[in-house]
Amino acid sequence: MIDFHCHLDLYPKAKEVYAESLRRNAFTWLVTTSPKAFRATSSVLGRHETVLISPGLHPEIVSERFEELDLLTAQIDDAIAVGEIGLDGSKRYAASYLKQKQVFSAAVKRCHDMGGRALSIHSRQAVPDVLELLRLFPDHGVPVLHWFTGTASELKTAIGQGCWFSIGPAAFISSAGKALARKLPRDRVLPESDGPFAQLDGRSVMPWDFDITVALLSDVWSLPFEEVRAQLLSNARMFVNKIGYTKLIKKLI
Ligand SMILES: [Zn+2]
């Protein structure tokens, strides 16, 4: 199994979920929500080549964690991936929007300065601004828009800018979500859980729920399950190769 966007450190029994992920997953991208959480999670869970732990600063907590921005940019220097970062344009976080933009643009700029990173990006109700900041600092690496909920025309622009997309079971609950999933470029889609936040049938989506995403994509793409599964695994190989995480490639074959 594989998971390209997961808050593994935030499950109630994180150590057990981690151990289970090591057993069941060939790859898990653990995105953290703040630079201090990145530090703590890295030391508590330790290093394992199949789990990529990345420093981030989630837009929903920028108002409380803004002073950690310098720590984030320093952590980006030593990372191959960054996330969760991004912008949230919903009303609830309107008061911090300018600070969110400061954080996100500083992070993307640092990725650009450092020659490129993989970025796991939150873009709820803020896709045009996210794409504009990505354009402002080209060669930032490989952007992955996680749980994309923009419009069809925003999706087109994002595809044109070279974005990848990570999607999980919860994104298929609404009919709008299904319609967007149908339009995703098949060779740039990666599976995600977004657990423990993302819920399915009253429980958190788990890092090893890959086949649920495959089944849902197989339905909206009208393709056989095995074909979709092979496509996502091939995308995963392509992606880890692109970001230079080559020690993983063999495990994903
Ligand atoms: Zn997330």
Side-chain angles (χ1 to χ4, degrees), residues 1-12 14 17-18 21 25 27-38 40-42 45 51-65 68 72 75-76 79 81-90 92-93 96-97 100 103-104 107-108 111 117-127 129-130 134 141-150 158 163-174 177 180-181 184 189-200 203-210 212-213 216 236 239 243:
M1 311 294 167
I2 47 176
D3 183 354
F4 281 78
H5 183 106
C6 173
H7 299 276
L8 200 153
D9 53 332
L10 301 178
Y11 283 91
V17 177
Y18 181 69
S21 299
N25 283 18
F27 178 69
T28 307
W29 183 350
L30 191 169
V31 291
T32 59
T33 52
S34 78
K36 284 185 181 164
F38 168 71
T41 298
S42 304
L45 298 182
V51 180
L52 174 61
I53 305 178
S54 62
L57 184 38
H58 199 294
E60 290 176 8
I61 61 164
V62 157
S63 59
E64 303 110 77
R65 303 294 192 119
E68 291 180 41
L72 175 69
Q75 288 169 344
I76 289 173
V82 183
E84 183 166 351
I85 54 170
L87 299 175
D88 193 306
S90 55
R92 197 167 159 203
Y93 304 105
S96 70
Y97 198 66
Q100 290 180 41
V103 169
F104 183 59
V108 178
C111 292
R117 298 286 185 264
L119 302 92
S120 190
I121 302 170
H122 176 111
S123 59
R124 187 199 288 144
Q125 293 183 40
V127 176
D129 283 347
V130 163
L134 289 173
V142 191
V144 185
L145 301 184
H146 115 83
W147 197 339
F148 182 84
T149 53
C163 291
W164 286 59
F165 302 87
S166 58
I167 190 167
F172 294 81
I173 293 169
S174 72
L180 275 173
L184 293 175
V189 174
L190 298 165
E192 69 169 35
S193 64
D194 201 22
F197 303 122
Q199 300 273 316
L200 185 69
R203 61 144 178 116
S204 286
V205 181
M206 303 307 287
W208 47 85
D209 282 332
F210 173 46
I212 298 178
T213 302
L216 290 162
F239 183 81
I243 67 169

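All values derive from a computational prediction rather than experimental measurement. Whatever order the structure lists them in is the order used to number ligands and atoms, beginning at 1.
Ring to ring, Tyr11 and Tyr18 are not that close: their centroids are 6.0 angstrom or more apart.
For Asp194, the N/O/S atom at the shortest distance from the Zn ion (ligand 1) is named OD1. Distances from the Zn ion (ligand 1) to each N, O or S atom of Glu84 single out OE1 as the nearest.
The Zn ion (ligand 1) has an N, O or S atom of His5 closer than 2.8 Å. Among the atoms of His58, none of the N, O or S atoms falls under 2.8 Å from the Zn ion (ligand 1).
For the pair Glu192 and Asp3, the minimum side-chain heavy-atom distance is below 4.5 Å.
Using cut-offs of 30° and 60° for the angle between ring planes, the His146 and His122 rings count as tilted.
The side chain to side chain contact (heavy atoms under 4.5 Å, CB included) test with His7 is passed by exactly one of Thr41, Thr32, Leu30, Asp194: Asp194.
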